[in-house]
Amino acid sequence: MPQFYFMRPSPEQPIGIFDSGIGGLTVAHAIREALPNESIVYFGDTAHLPYGDKSEAAIQAYSVKIADVLLKKGCKVIVIACNSASSAAYELLKEYARYIKIINVIDPMIELLSNGLANKTVGLIGTKRTVQSGVYNRKVEELRQNITLRSLATPLLAPMIEEGFFDNKISHEIIGQYLSDPELQNLDALILACTHYPLIKAEINEHYHSKMTVLDSSQVVAVALKKYLTKENLLNKSGSGNDEFLVSDFTDSFEASTRIFFQKAVHLQRYPLWK
Ligand code: DGL
């Protein structure tokens with residue numbers, strides 16, 4: 001392992017964030033809002049998206065390559081802004097890059113559930129990879145709070161959102177079909193276990209006539225990150241918040257879509273994983 005892995009990071013170093021593509025920008029945006037002085041290096045693996053349909057082994061291989069990029073960029077912490085990668089590669093990355101902190105999007109959500117959802121029935125929607133991994137079920141069981149978790153893979157949603165297809169008749173129809181699944185009835189709360197889904201939160205709320213607790217991880221991950229940086233004295237208090245956005249494959253349409261996820265247009269830089 002290279003030398004720089006051994007040095008204790010300093011507050012000025014950037015925060016590394018990655019996702020299969022641009023959906024993780026919802027998490028990056030929440031982090032940008034919560035931590036305005038931090039610099040961010042975001043990596044979207046647009047060459048390999050979607051992760052939701054990939055095998056665990058493939059996602060692990062991509063995640064290790066991306067971790068190398070973020071470590072080379074001198075990141076002080078890595079946030080896996082993707083549920084599919086969090087469920088497939090978190091344990092591996094924790095080992096691989098063990099000299100820096102890795103934050104996933106699942107654990108902060110589990111902590112949220114532990115604060116008030118004991119004895120409740122909670123639904124979850126996410127990619128096939130996330131649902132099939134059973135990671136959420138395992139972690140919910142470990143809480144021993146008698147929480148019943150009911151999960152449904154909703155593979156059409158991420159590509160639909162990425163195409164800018166939401167808040168229209170077709171998205172209403174698709175979301176309605178999924179949420180009407182027998183598995184997702186009589187819930188006390190619903191977890192949006194995909195970093196794309198905050199963009200359809202309003203439509204989901206509408207489906208439930210705002211009578212459902214809909215939980216998305218972007219804010220809770222930003223809070224968990226801030227808590228960690230504060231505790232470790234790694235908070236950048238005087239930085240000017242420089243951002244870098246790297247993608248393994250560049251297209252104009254990815255760049256155009258960044259606006260909907262990050263709430264402002266960003267410039268994407270092509271950074272191939274395999275040169
Ligand atoms: N944003 C990814 C997640 O949270 C899903 C998109 C994909 O399938 O690549 O799982």
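Remember, it's 1-based here, ligands and their atoms both numbered in the order they're listed.
Looking at every heavy atom in both residues, Arg259 comes nearest to Ala265 through NH2-CB, 3.6 Å. Counting all heavy atoms, side chain and backbone alike, Ala30 lies closest to Ser218 at CB-O, 3.5 Å. Contact record, Ile15 with Cys75: C-SG, 4.0 Å, taken as the closest heavy-atom pair.
Here's the thing with Cys194: none of its N/O atoms is less than 3.5 angstrom from an N/O atom of ligand 1.
Here Lys201 does not pair with Glu206 in a salt bridge; the nearest charged N to carboxylate O distance is not below 4.0 Å. For the pair Arg129 and Glu56, the salt-bridge criterion is not met [side-chain N within less than 4.0 Å of a carboxylate O].
Which parts of ligand 1 touch Pro50 is read off a 4.0 Å heavy-atom cut-off, strictly below it: atoms 7 (C), 8 (O), 9 (O). Taking a cut-off of under 4.0 Å to the non-hydrogen atoms of Ser84, the atoms of ligand 1 that pass are 3 (C), 10 (O). Listed by number with element, the atoms of ligand 1 under 4.0 angstrom from any heavy atom of Tyr51 are 7 (C), 8 (O), 9 (O). Ligand 1 places these atoms under 4.0 Å from at least one heavy atom of Gly52: 7 (C), 8 (O), 9 (O). Those atoms of ligand 1 with a heavy atom of Asn83 less than 4.0 angstrom away are 3 (C), 4 (O), 10 (O).
For Phe43 and Phe245, the ring centers are positioned 6.0 Å apart or more.
At a 4.0 Å heavy-atom cut-off, ligand 1 touches Ser20 through the side chain alone. By the criterion of a heavy-atom distance under 4.0 Å, neither the backbone nor the side chain of Val105 is placed next to ligand 1. Proximity of Thr127 to ligand 1, defined as any heavy-atom pair under 4.0 Å, is confined to the side chain (atoms from C-beta onward).
Ranking protein heavy atoms by distance to atom 6 (C) of ligand 1, first place goes to His196 CE1, 3.4 Å. The protein heavy atom nearest to atom 1 (N) of ligand 1 is Thr195 OG1, 2.8 Å. Regarding atom 2 (C) of ligand 1, its nearest protein heavy-atom neighbour is Cys82 SG, 3.5 Å.
Put simply, no part of Gly21 is less than 4.0 Å from ligand 1, judged by heavy atoms.
For the side-chain hydrogen bond (donor to acceptor under 3.5 Å, both in side chains) test with Lys76, the passing option among Glu12, Glu38, Gln13 is Glu38; the others fail.
The neighbour count for Lys128 NZ, taken as heavy atoms of other residues, nucleotides or ligands under 6.0 Å away, does not exceed 12.
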Query - side chain to side chain donor-acceptor pair (under 3.5 Å) between Asn119 and Asn146, intermediate numbers included - result: CA-CA 5 Å; Asn119 305 312; Asn146 194 31; 3.1 Å; yes
